[in-house]
Amino acid sequence: MKRFLFLFVCLMGFVLSHAQGVKRFEAELIPLGLGGSVSQDEVYAMMGCEFRLNSRNTPLDYGVQANMMGSIGEVFAMPEEDVIDLVTVPSAKMYVDYNFNHLDENPFFVGLGIGVADVREYFTLSGVKHHVRPVLAPRAGVEYGHLVRLTFESQLLPSAPNSFCASIGIVLGGRVKK
């Protein structure tokens, strides 16, 4: 009986979301992002995913994102020193986006995310050091045809290098054009 009730509630949610002409949920796969650090001369690569809930009556979207950003630094042949070979920053954030002209084919958006990031520094001699930090992530971008999303994002971390990134994401689901 519980399974039947669960399936019924899921079916009703699906029917109601399509009755309004708006798909409530969307996912974004972020296969490519490139950026850098404000204080270091390193290039970052980023990949991740995001799940969003689209508001029906307002231009707000709410999302949860997980991503991995990393940089390959310079490796020196100095065995007596502790040199950083690689820095990675996995993070998890919650976002709120405001969509300008959200019913258009190419809506522009701005958003703000908060969450945590784990700055991992891989050293040649002493292993890995973790620094878990809160992260504030303002972003802006545009969604082309509700299929591709171009996002410019900054990750502001206290006591860690701030970074910025431009990413291209593939949107699955999303708004239906009216």
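Predicted, not measured: the structure shown is a model, and the values here were computed from it.
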Do you know which two heavy atoms are closest between Gln155 and Ser91, and how far apart they sit? NE2-OG, 3.9 Å
Once you round to the nearest 0.5 Å, how far does CG of Leu29 lie from CG of Leu172? 5.0 Å
Does Ala166 offer a backbone N or O that forms a donor-acceptor pair with the side chain of Thr151 under 3.5 Å? no
Let me have the donor-acceptor pairs involving side chains of residues 110-118, under 3.5 Å, with sequence neighbours excluded, atom names and distances please.
from, atom 1, to, atom 2, distance (Å)
Asp118, OD1, His130, ND1, 3.3
Asp118, OD2, Arg120, NE, 2.9
Asp118, OD2, Arg120, NH2, 3.4
Asp118, OD2, His130, ND1, 3.1

If you look at every heavy atom in Ile30 and Cys49, which pair is closest and at what distance? CD1-N, 4.4 Å
Would Tyr62 and Phe100 show up in the same hydrophobic cluster when neighbours are defined by side-chain heavy atoms closer than 4.5 Å? yes
Calculate, to the nearest 0.5 Å, the distance between atoms CZ and CG belonging to Phe25 and Asn54 respectively. 9.5 Å
Side chains of Glu153 and Tyr95 only: does a donor on one sit below 3.5 Å from an acceptor on the other? yes
Between Leu60 and Phe108, is there shared hydrophobic-cluster membership here, with clusters defined by ILVMFWY side-chain heavy atoms closer than 4.5 Å? yes
Taking side chain as C-beta onward, heavy atoms only, is Asp97 less than 4.5 Å from Arg52? yes
Exceeds 12 heavy-atom contacts within 6.0 angstrom, atom CD1 of Ile168: no
How close do Ser163 and Tyr44 get, counting heavy atoms only, and between which atoms? CB-CE1, 4.3 Å
Heavy-atom closest pair, residues Ala137 and Lys93: CB-CD, 3.7 Å
So if you build clusters from Ile, Leu, Val, Met, Phe, Trp, Tyr with side-chain heavy-atom gaps below 4.5 Å, do Val148 and Val142 land together? yes
Does one hydrophobic cluster hold both Tyr144 and Phe109, with members joined at side-chain heavy-atom distances below 4.5 Å? no
Would you say Met47 has more than 12 foreign heavy atoms packed within less than 6.0 Å of its CE? no
CD of Gln65 to OG of Ser167, rounded to nearest 0.5 Å, is 7.5 Å
Main chain of Leu157, side chain of Asn162: is a donor-acceptor contact present, judged purely on distance under 3.5 Å? yes
Side chains of Glu143 and Glu28: closer than 4.5 Å at any heavy-atom pair? no
Of the non-hydrogen atoms in Met69 and Cys165, which two are nearest, and what is the gap between them? CE-CB, 3.9 Å
